[in-house]
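Working notes, structure below.
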Amino acid sequence: MRTFPILKLAFVGGILTAPSIGAQSARPPKFEVASIKPCPPGKPGFSTPRGGDVPGQVRLGCSSLRGLITSSYVFYANGRWNQPSRRIVPIQKGPAWIDSELYAVEAKAVGTPSAGIMLGPMMQALIEERFKLKLHTEYEEIPVYNLSVANGGHKLQPSREGTCRSLLSYDPPPAPAHGKPPLPICALPQTLGGEFRVSGATMADLAAALSLPSELVVDKTGLPGTFDVHVPLTAEFSEMLAPRAPSPPPGTARAPVGSPSLSDLFDVSRAIAQKLGLRLTPAKGQGPILVIDHVERPSEN
């Protein structure tokens, strides 16, 4: 089982994209206690998707402030996990240390708010308070592909209960039935058994999974709800999506296998859309940019 290569799933330390940007309009609850500590240079950090395994608590490994901003303002912007596309949401006008200096974050909430609320709106409030962060969102015109329903109607199947599990759930995943693969994570695309599969996905999630760095796909279907998608792939497309073997050492006879081009991968996206009764149409769209107006190194705990 492997994740769909058009998608690279990243967590707090990485660069993330999502269909919505910014905090919720209602003021979120704040953490009861929180600690932000500098990390030694070069120390790697790791965070679980939930930011920890204890409900009501968040523990984030050593992350740059850029990573914390993109996580809380983009990845979990509206209090849920937003399926990432491959377009990088730029952060402009920040000082160099937002990339070079790393911080570990530990925070505890009153009660047990959801992991999405803690990693999104509540983390935004913490960053704004401790880093004195002020930012705003601007937009630039970028080439996109609009995802719409084809003339013959869509062939999507509504999600069935129990076909996937939430990335942010604290409950242990159910044991798979004998001979069956583990229950997939909702909205996370995979290639399995010669198929493109994604369960419990909104149309925005599907659009993100079909995107490439230079071809952002935008949902224009207007279809509500979630869907379970199983699309058979040709042998050629399955080969394109197969993991690439590492290049051989210099001097060996075996030639390295080249990675598929963006054009080839987009052919896969287009073929998947067509088999679902959807179409991709080139258009112009608005790409968000986060602009830092003010930021300071964090205040003491």
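Along the sequence shown, the residues carry numbers beginning at 1.
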Tell me whether [Y] is reachable from [X] by hopping between hydrophobic residues (I, L, V, M, F, W, Y) whose side-chain heavy atoms are closer than 4.5 Å.
| X | Y | result |
| --- | --- | --- |
| L290 | W97 | yes |
| L168 | L183 | no |
| Y76 | Y170 | yes |

Beyond-backbone contact of [X] with [Y], side-chain heavy atoms, under 4.5 angstrom:
| X | Y | result |
| --- | --- | --- |
| V198 | Q190 | no |
| I289 | E140 | yes |
| L233 | I272 | yes |
| F227 | L223 | yes |
| N146 | L280 | no |
| L206 | L276 | yes |
| H154 | L278 | yes |
| S263 | F266 | no |

Quick check: closest heavy atoms across [X] and [Y], and the distance to 0.1 Å?
| X | Y | answer |
| --- | --- | --- |
| R297 | Y103 | CG-OH, 4.1 Å |
| P288 | V89 | O-CG1, 3.8 Å |
| A187 | D205 | CB-OD2, 3.4 Å |
| G116 | P121 | O-CD, 3.8 Å |
| L135 | I292 | CB-CA, 4.0 Å |
| M122 | A109 | CE-CB, 3.8 Å |

Handout entry: Derivation of the side-chain hydrogen bond (donor to acceptor under 3.5 Å, both in side chains) call for T221 and D219
Key = CA-CA 6 Å; T221 64; D219 172 35; 2.7 Å; yes
Spacing of [X] atom [atom1] and [Y] atom [atom2] [to the nearest 0.5 Å]:
| X | Y | atom1 | atom2 | result |
| --- | --- | --- | --- | --- |
| S71 | R66 | OG | CZ | 14.0 Å |
| L60 | M118 | CG | CE | 10.0 Å |
| H294 | K93 | NE2 | NZ | 15.0 Å |
| I127 | L68 | CD1 | CG | 5.0 Å |
| N78 | I117 | CG | CD1 | 8.5 Å |
| L147 | S269 | CG | OG | 10.0 Å |

Handout entry: T226-S159 side chain donor-acceptor pair, cut-off 3.5 Å
Key = yes
Side-chain ([X]) to main-chain ([Y]) donor-acceptor, under 3.5 angstrom:
| X | Y | result |
| --- | --- | --- |
| S211 | L216 | no |
| S64 | D99 | no |
| S63 | G61 | yes |
| R165 | C186 | no |
| D228 | R160 | yes |
| Q124 | S72 | yes |
| S169 | S166 | no |

Exercise for the section: Run the salt-bridge test on R59 and E106 with the 4.0 Å N-O cut-off and return the result as yes or no. Expected result: yes
Problem - E32 CD: over 12 foreign heavy atoms closer than 6.0 Å - result: yes
Practice task
For atom NZ of K275, decide whether the heavy atoms of other residues, nucleotides or ligands shown that lie under 6.0 angstrom number more than 12.
Solution key: yes
Exercise for the section: Apply the test side chain to side chain contact (heavy atoms under 4.5 Å, CB included) to residues L210 and R270: give CA-CA distance (whole Å), side-chain angles for both, the deciding distance (0.1 Å), then the verdict. Expected result: CA-CA 8 Å; L210 298 179; R270 183 163 48 196; over 6 Å; no
Problem - Criterion side chain to side chain contact (heavy atoms under 4.5 Å, CB included) on H136 and D293, from CA distance to verdict - result: CA-CA 7 Å; H136 69 275; D293 300 308; 3.0 Å; yes
Exercise for the section: List the steps and the verdict of side chain to side chain contact (heavy atoms under 4.5 Å, CB included) for L65 and F131. Expected result: CA-CA 9 Å; L65 179 58; F131 286 89; 3.8 Å; yes
Handout entry: Residue pair R279, N151: steps toward the side chain to side chain contact (heavy atoms under 4.5 Å, CB included) verdict
Key = CA-CA 9 Å; R279 62 185 176 188; N151 292 335; 3.7 Å; yes
